[in-house]
2 protein chains.
Amino acid sequence: MKKTYSEENYLKTIYHLGKSESKVSLKAIADALENNPASVIDMLRKLKEKELITYDKTQGAILTSPGEIAALDIIRKHRLWEVFLVEKLNYDWDEVHHIAEQLEHIHDEQLAKKLDDFLGNPEFDPHGDPIPASNGKMPVYANKRLSEFEINQTGTVGSVRDTSTPFLKYLKQLNLGLGSKIKVLDKLDFDQSMVITIDDSEPKTVSSKMTDNILLITA
Amino acid sequence: MKKTYSEENYLKTIYHLGKSESKVSLKAIADALENNPASVIDMLRKLKEKELITYDKTQGAILTSPGEIAALDIIRKHRLWEVFLVEKLNYDWDEVHHIAEQLEHIHDEQLAKKLDDFLGNPEFDPHGDPIPASNGKMPVYANKRLSEFEINQTGTVGSVRDTSTPFLKYLKQLNLGLGSKIKVLDKLDFDQSMVITIDDSEPKTVSSKMTDNILLITA
DNA sequence: GTTGTAAATTAGGTAAAACTAATTATGTAT
DNA sequence: ATACATAATTAGTTTTACCTAATTTACAAC
């Protein structure tokens, strides 16, 4: 089912709003798109008719499965084009958004895949946002240092910033690797060292030098 | 003055039709765009209002100077994107037209120039059509073999296909170089040799092997 | 519980760009 | 010169995606 430029923008907006808020209200969409609420309700009815969203006043707008697939497809194209503009055409990362807003609506069966391959299948766009795969899956990414965690917060180790042998040996000795589940039990104010559990084993104390170099995927 | 998608398509179409026919009739535009004549006349009035064309029933549509600049800008973008699609994304030359039709309408001040530089400032698109420079100038190009000329046709030598020393020496001896003006006086059926003048000097007879390797710019 | 405000909705309207159907103008052939 | 076909034009309609203005609904404060 082909979609108009405007429908695509609504789907994309509903997707983004749904990530940050639990309810996607008509008002929120109107604000995000800088459209009149009266215009928005028309479009919501149209998208509902096409079964791309569900909508009612109390639940707000929710993407159906086909709606989410469509939204992710547009976001994928948007982010791939941003990579192209920055890496190939030498735009600055802050100049590319409005161009990608146009490019994301180019329709062609093969285009996203060919562009993706040409760019070397990047996982993140120039702003660090993950690029959905063609099946809609987002790459999970490690974006938060262990040192920034609060007490009782948990996460999964996604990458390490220090790749020196001594550091990696130390991690091995701790039984900590990519995928390990970490929970912070305590944070010591005076030197920022932490008491943590690794995969629910016995608690261990680690230094701030260590926690600064571990990047985790938050839940 | 910013232009709509549709206005841009009309300007482009009028430009192309103007190259092949002396009068660009309403009917011709309607056929080219597969639009109803009634729709076309509305748009012609709008473009006339904006002083991008002149139009009347007897003269047909004629681009004004700003109209032609706008048309060439769109054609430039179309052809640059075609080069991108074929050379960078590995599309076949016959698959790219409908994608370029969409990409040509992307608006950004710097985009065409950056794309042009990225592609290495190509002079021709994958179909061999010349890419207008940003100032609207078309590269002149040698596209026709002397062997394909008719009797009495004239042209200017643009390039040679055989760059071997013996061939170039032979040309020098004939006083023929890039820029020489050629006129065909006669074509001999039995071996396809030709009688030509070079820069209006005395007639000379040249073989088909020679005429096959000379590319000319037609008037 | 009444009231005030924000959100949602309805009703009706506009602009762009297309359409159909009817009409007028033009040009060519006999 | 008339008639016929083709081209140009007019009038009125449709669709998409917006809008404004008025109304209704929801909910929080007192």
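A, B, ... follow the sequence lines: proteins, then strands. Residue 1 opens every chain. All heavy atoms count here, side chains included; hydrogens, waters and symmetry mates do not.
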> Mind checking what makes salt bridge (charged side-chain N to carboxylate O under 4.0 Å, His left out) contact with B:E202, not counting sequence neighbours?
Replying inline: B:K204
> What is the 5' to 3' range of DNA chain C, first to last nucleotide, that sits under 4.0 Å from any heavy atom of chain A?
Replying inline: C:dA7 to C:dA11
Return all side-chain donor-acceptor pairs below 3.5 angstrom for residues 80-90 of chain A, not counting sequence neighbours, or 'none' if the list is empty.
{"unit_1": "A:W81", "atom_1": "NE1", "unit_2": "A:L103", "atom_2": "O", "d": "3.4"}
{"unit_1": "A:E82", "atom_1": "OE1", "unit_2": "A:H127", "atom_2": "ND1", "d": "2.8"}
{"unit_1": "A:E82", "atom_1": "OE2", "unit_2": "A:H78", "atom_2": "NE2", "d": "3.0"}

>> Before you tell me yes or no, could you show the steps for B:K12 and B:E104 under salt bridge (Lys or Arg N to Asp or Glu O under 4.0 Å), namely the whole-Å CA-CA distance, both residues' side-chain angles and the distance that decides it to 0.1 Å?
In response: CA-CA 10 Å; B:K12 188 182 58 161; B:E104 71 191 7; 2.7 Å; yes
Every protein N/O lying under 3.5 Å from an N/O of nucleotides 24-26 of chain D:
{"unit_1": "D:dT25", "atom_1": "O3'", "unit_2": "A:K57", "atom_2": "NZ", "d": "3.3"}

>> Could you work out, with side-chain contact (heavy atoms from CB on, under 4.5 Å) as the rule, every residue matching B:N152, not counting sequence neighbours?
In response: B:K183
Side-chain polar contacts of residues 38-52 of chain B - donor-acceptor pairs under 3.5 angstrom, sequence neighbours left out - could you list them?
{"unit_1": "B:K46", "atom_1": "NZ", "unit_2": "B:E7", "atom_2": "OE2", "d": "2.9"}
{"unit_1": "B:K48", "atom_1": "NZ", "unit_2": "B:Y55", "atom_2": "O", "d": "2.9"}
{"unit_1": "B:K50", "atom_1": "NZ", "unit_2": "B:E7", "atom_2": "OE1", "d": "3.2"}
{"unit_1": "B:K50", "atom_1": "NZ", "unit_2": "B:E7", "atom_2": "OE2", "d": "3.0"}

> For DNA chain C, which residues in residues 21-48 of chain A have a heavy atom at a distance below 4.0 Å?
Replying inline: A:S25, A:L26, A:K27, A:P37, A:A38, A:I41, A:R45
> Hey, does B:Y55 reach any base, or is it just sugar-phosphate, or nothing, if we go heavy atoms under 4.0 Å?
Replying inline: sugar-phosphate
>> According to side-chain contact (heavy atoms from CB on, under 4.5 Å), who are the partners of A:D31, at least two apart in sequence or on a separate chain?
In response: A:K27
>> With a 4.0 Å cutoff (strictly under), does any side-chain N or O of A:Y10 reach OP1 or OP2 of D:dC18?
In response: yes
>> Whole angstroms only, please: what is the NZ-P distance between A:K50 and D:dT15?
In response: 14 Å
>> My understanding is that only residues two or more places apart in sequence, or in another chain, count here; which of them pass side chain to side chain donor-acceptor pair (under 3.5 Å) with B:H107?
In response: B:E8
> Can you list every salt bridge (Lys or Arg N to Asp or Glu O under 4.0 Å) pair that touches residues 132-159 of chain B, not counting sequence neighbours?
Replying inline: B:R145-B:D212
> Any side-chain N or O of A:T4 under 4.0 Å from OP1/OP2 of D:dA17?
Replying inline: yes
> How long is the line joining CD of A:E49 and P of D:dT15, in whole Å?
Replying inline: 14 Å
> Is it the case that A:Q102 and A:H98 place a side-chain donor and acceptor less than 3.5 Å from each other?
Replying inline: no
> Can you name the residues that form a side-chain contact (heavy atoms from CB on, under 4.5 Å) with B:K23, not counting sequence neighbours?
Replying inline: B:S25
> For A:T205, what residues pass the side-chain contact (heavy atoms from CB on, under 4.5 Å) criterion, not counting sequence neighbours?
Replying inline: A:S193, A:V195
